[in-house]
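Worksheet: one structure, shown below.
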Amino acid sequence: MNNENIIEIKDLKKTYENGVIKALDGINLEIKKGESISIIGPSGSGKSTLLNMIGALDKADEGHITVAGMDLMQKEDLSKFRLNEIGFVFQLHNLIPNLTVLENVQTPLIETDIPDKKMEERALEILKSVNLTDKINQKPTKLSGGERQRVAIARALVNHPSIILADEPTGALDSKTSDIILELLLDIHKKENVTLIMVTHEHNVAARAHRSIYVLDGKIKEEKINSAS
Amino acid sequence: MKFRNLILKNIFRNKSRSILAVIGIAIGVAAVVGLGLITDDLTQSTESALTAGAADFSVINSTNSPSGSGGGGGFGNDQLINQAAVGQIQQVKGVSSAVGELRTSTNLGNSTSSNSSSSSGFGANFRSMTNIIGIDSSDLSMDDIAITNGTAFSNANQVIIGQDAAQRLNKTVGSTITISNKTFTVSGIYETGNFMDDRGIVMSLPALQNLTGNTGQVSLILVKASNGTDPTALASTIQQNYANDLSTSTSLSGNNRMNNGLQVISSGAWAVSLLAILIGGIIVIVTMMKAVSERTREIGVLRAIGWTQRRILGMIIGEALVLSLIAIVVGLLLAVGIVELISLTHLLRGINPSFSLLLILKGIGVALFLGIIGGIYPAYRASRLSPTEALRYE
């Protein structure tokens, strides 16, 4: 594996329903550490499946995929890998409704050996970086869509992951809030030198990443470097 | 945030569902503990009755069935024994003491005033029959009669009354009671540990013989073996010596019969308890399955952010166990409350339920069993959820 590459994917294939649906049909991709990538394509093109493969949420049928030095085709339980290397941001924030903002951000840390006090300090630090210090004791139901997504970003960052995977992070937000969230993600990516991979169907969002990958029918049809990034 | 705090918060997330689960488990706990309280006391009371007193066995008229002897039971229609036989039995080698006892039963009805008189006649309605025992006051211990209040009778006009009869008839020391047109003064309250005898009245043997017209006759002879003499062998000897007239009944044979009865009661109690446990288990499984189903997407998120299958399993089982702990308290209170209520309303006359550590441990065991069994399958399913499928769950 090239030292600069944090992700290397070779001829990755994934089918569903006994091979009837080819979700991924021979994906080849290399992503450098600290790069920002957008994966764009129509619904059912395989972009979310690709994201799930990178995030070790799903396993490919064939091919090779190495992420942050881990061969994801070899290991069975990848929970610890996700905990240490990946930060997920979902389209629907997916926060736990009965927990406060501060508690939601701490949920990944429960799986670690970090002491309670340190856990809280780290969560507060991250919440400060996403400007939610004044909302730490609120329940998610009391927050706006943008605030919820900022909490979800804070949760994704609390373990200091090397890769942030964002699946339609602005898909459920209005355009103004979308811009704020996108700026926040890109800002964190730059400041923390975190590799950012976003799945989106919005071209203007995709264009904000350093590189865009167009996926169709489980294959990468086009790659381009975005000048605006 | 501590993992246990998350578990506790999840418990109170859907209060109605949690309450339902707690009720389900509590019913199982209450059934086991409540029915256990009753059957344990019944067993204890019966065993106490069968092994009671100094008497090792009793001798009755051979034409009578031996059931109910050994210190307890009613003899209203039984054939009597000539009192002279008491002296003869006393002479048998190996007999330490032989005591004649006359037993009958009567309907005393229910009086309401502590100082009022109750009157009755023999041979009345069986439903409210009271055992009347005639025995010399110096021989009370042979029938395991212990005075708890007042003194033993000192003349033919005095009686002692069993604690349950005293409660039922509203009598205390100094009260009067009329039996077959003769008025007696209650000189003391006694208990035997035998729920049948605790519902009775004891007077001197001559007093009861006069009252019933059975002068010179007894219902049974209580026999105590000398030290070193095998009571069973002694009973056999007496049985052989008086084959045509007398019959012996050891506590053992009575015990066997009573044990069969107790086993039926105990089995019935367990059947009801098992049914309650089954119902409780189903309620817990259904509520926990529902809890997992509602949180499928959330479980997917937790898996995505790095939670292991074991952590998910621990969370769901932890929630089930917390529900069980709450249910233990609720179930025990429920059991005590119901049994106390039944006791107060005298629906279980003669039975004084008392808690034992074993019974509490049984209740706790049932709750934990239900919690684990009810939680383990939903927890297993939750832990096995594919993160991607869980995240797609609507």
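Here is the naming used below: chain letters follow the sequence lines, and residue numbers restart at 1 for every chain.
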Assess the residue pair A:I110 and B:K2 against the criterion (side chain to side chain contact (heavy atoms under 4.5 Å, CB included)); give the C-alpha distance rounded to whole Å, side-chain angles, the decisive distance to 0.1 Å, and a yes or no. CA-CA 7 Å; A:I110 287 175; B:K2 286 185 166 60; over 6 Å; no
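- The environment of B:R311 atom CZ is dense: over 12 non-hydrogen atoms of other residues, nucleotides or ligands sit within 6.0 angstrom.
- Other residues, nucleotides and ligands contribute over 12 non-hydrogen atoms within 6.0 Å of the NZ atom of B:K9.
- Residue with the most contacts toward chain B among A:A56, A:G87, A:P97, A:G55: A:P97 (heavy-atom pairs, distance under 4.5 Å).
- One N or O on the side chain of A:E111 and one on the backbone of B:T308 form a donor-acceptor pair closer than 3.5 Å.
- The shortest distance between side-chain heavy atoms of A:R155 and B:V301 falls below 4.5 Å.
- Contacts of B:N5 with chain A are absent, with no heavy-atom separation under 4.5 Å from either backbone or side chain.
- Counting heavy-atom pairs closer than 4.5 Å to chain B, the top residue among A:V158, A:N94, A:L83 is A:N94.
- Sparse packing is recorded around CD1 of B:I376, with 12 or fewer heavy atoms of other residues, nucleotides or ligands lying under 6.0 Å away.
- Contact of A:E120 with chain B is not made at all, since no heavy-atom distance falls under 4.5 Å.
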A:R82/B:I305 under side chain to side chain contact (heavy atoms under 4.5 Å, CB included): CA gap, chis, key distance, verdict: CA-CA 6 Å; A:R82 288 194 293 270; B:I305 64 174; over 6 Å; no
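- For A:L57, the parts lying under 4.5 angstrom from a heavy atom of chain B are both the backbone and the side chain.
- By number of non-hydrogen pairs under 4.5 angstrom with chain B, the leading residue of A:K117, A:E103, A:E85 is A:E103.
- For A:N98, the parts lying under 4.5 angstrom from a heavy atom of chain B are both the backbone and the side chain.
- For the pair A:S79/B:R303, a side-chain contact is recorded, criterion being any heavy-atom separation below 4.5 Å from C-beta on.
- Atom CH2 in B:W307 sits 11.5 Å away from atom NZ in A:K80 (nearest 0.5 Å).
- Within the 4.5 Å cutoff, the side chain of B:L302 has heavy atoms near those of the A:I96 side chain.
- With a 6.0 Å radius and a threshold of 12 heavy atoms from other residues, nucleotides or ligands, A:K219 has its NZ atom at or below the threshold.
- For A:F81, no part sits under 4.5 Å from any heavy atom of chain B, backbone or side chain.
- Taking CG of B:L391 as the reference point, atom CZ of A:F88 lies at 8.0 Å (rounded to 0.5 Å).
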